[in-house]
2 protein chains.
Amino acid sequence: MATDAIPAPVSDQNLSRKIGRSSRMKCPAPFLSKTYDLLEEQEEESNINKIVSWNGEGSGFVVWCPAEFSEVMLPKYFKHNNFSSFIRQLNTYGFKKIASKRWEFQHEKFQKGCRHLLSEITRKKYEPSAFPTYLNPSAKNIILGSTKEEINTSRQLLMEENQNLKREKMELQMQIAHFKALEVKLLQCLTQCMESPHNKN
Amino acid sequence: MATDAIPAPVSDQNLSRKIGRSSRMKCPAPFLSKTYDLLEEQEEESNINKIVSWNGEGSGFVVWCPAEFSEVMLPKYFKHNNFSSFIRQLNTYGFKKIASKRWEFQHEKFQKGCRHLLSEITRKKYEPSAFPTYLNPSAKNIILGSTKEEINTSRQLLMEENQNLKREKMELQMQIAHFKALEVKLLQCLTQCMESPHNKN
DNA sequence: GGGAATATTCCC
DNA sequence: GGGAATATTCCC
């Protein structure tokens, strides 16, 4: 039946929101728990059959067979069967691909036997107005350690942000113009109202 | 089999991105197409069996049986079986619930027989700062004829302008907050003024 | 690898 | 109903 494949709601999602992940977070992101679960599940398979497993040191994991992994395992834990979407999430949470010829990923806080570390892993934040980390404005030394191209990239990003800010400023100014006009009208109304209440009655 | 329930990729998703939905858009959002499809599919059912259908005038639609709709129809078109998520999407696209005792929804541009209108429906915008990532081509030349130091100077100037723009933006936002508060007060005054034919004449 | 749009979930 | 976080998709 079709609905079978829709994963049951994950219980730990509820709690995590209320607490907020900022300082003392209890619940790992669902993506991390599920990925960890999925590795635990595979631990029970014999080595020969493993689609995915922890690496030798337990410091990362390897997807041995991406095709099977995507078709069989992903839908059991996620709402899709696309390897690329899984990779996208890994990147979002700061995992690194640490081998060139196989799909091995690692994250400092994602280790075999250390489920409790998961809650220390955070999403990379998407901050619309902030600088990318490598463009930290306080980093005045940028010019020393960077190539012309890198500085120029930084410059272009600033230019882009600049355009956005100007547009936003314009929009805000339009809003203000609107409010000013409104204020004038309201004051007119009020004045009329105060000046001539007598006549009608 | 589990993977059966994962909807096949929808072909019209590809095109819509490239074009951009701003002014002359060709492709409706997947959510809209799918919802329309789902209604078309039900058109073939006899009236007695309908889980969902267009309303009498074709100006909206009614989910007659939310339970069955969620369990049976949603998973065929979406990656979930939650009625509330469907509702959330309807709200995102500006649909209105137009009956109190049944699940009837309406949107000006969502009408029976008018699939072409779908592409005029837009998401309500959540827009912190949106500007398509363009790379300024004319500015690319700067890198050829300039030294690292010169580019960096340009960069620093932009950074400065940027800071200023942010400050200005903040100030404008404060002005707007001020106007909003003022508007509330004026409206209160006006209301009082109108309600109480003061001056006791 | 990551930006950004859309989808889904959760919460108020 | 909608804000906001997370998930999924698409594209560069």
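What you are looking at is a predicted structure, and each value in this text was computed from that prediction instead of being measured.
- Checked against a 6.0 Å centroid threshold, the rings of Phe110(A) and Trp54(A) count as neighbours.
- As rounded to whole Å, 12 Å separates atom C1' of dT8(C) from atom CG of Asn81(B).
- Protein atom CZ of Phe83(B) is 14 Å distant from nucleotide atom C1' of dG1(D), rounded to whole Å.
- The nearest whole Å value for the distance from the CZ atom in Phe78(B) to the P atom in dT9(C) is 12 Å.
- Near DNA chain C, defined here as any heavy-atom distance below 4.0 Å, the residues from residues 85-92 of chain A are Arg88(A), Asn91(A), listed numerically.
- One interatomic measurement links the two molecules: NZ of Lys34(B) to C1' of dT8(D), which rounds to 11 Å at whole-angstrom precision.
- Residues satisfying the salt bridge (charged side-chain N to carboxylate O under 4.0 Å, His left out) test with Arg115(A), not counting sequence neighbours, are Asp37(A).
- Taking atom CZ on Arg123(B) and atom P on dG1(D), their separation rounds to 18 Å, with Å as the unit.
- Taking 4.0 angstrom as the limit, Asn82(B) places none of its side-chain polar atoms (N or O) nearer than this to OP1 or OP2 of dT8(C).
- Relative ring orientation between Phe31(B) and Tyr93(B) is described as parallel, the plane-to-plane angle staying below 30° on a 0-90° scale split at 30° and 60°.
- One finds a salt bridge joining Lys76(B) and Glu41(B) here, because a Lys/Arg side-chain nitrogen approaches an Asp/Glu carboxylate oxygen to under 4.0 Å.
- Counting to the nearest Å, the P atom of dT9(D) and the CZ atom of Phe31(A) are 13 Å from each other.
- Comparing dG1(D), dT6(C), dT9(D) by their closest approach to the side chain of Lys97(B) singles out dG1(D).
- Ion pairing between Lys50(B) and Glu45(B) fails under the 4.0 Å rule for side-chain N and carboxylate O.
- Regarding contacts with the backbone of dA7(C), a side-chain N or O of Tyr93(B) is found under 4.0 angstrom from either OP1 or OP2.
- OP1 or OP2 of dG3(D) has not a single side-chain nitrogen or oxygen of Lys124(B) nearer than 4.0 Å.
- Phe86(B) and Phe78(B) have tilted rings, their planes meeting at an angle from 30° to 60° on a 0 to 90° scale.
- For dG1(C), neither phosphate oxygen OP1 nor OP2 lies less than 4.0 angstrom from any side-chain nitrogen or oxygen of Lys96(A).
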Listed pairs under 3.5 Å, donor-acceptor, residues 177-191 of chain B side chains, sequence neighbours left out:
unit_1    : atom_1 : unit_2    : atom_2 : d
Thr191(B) : OG1    : Leu187(B) : O      : 2.6

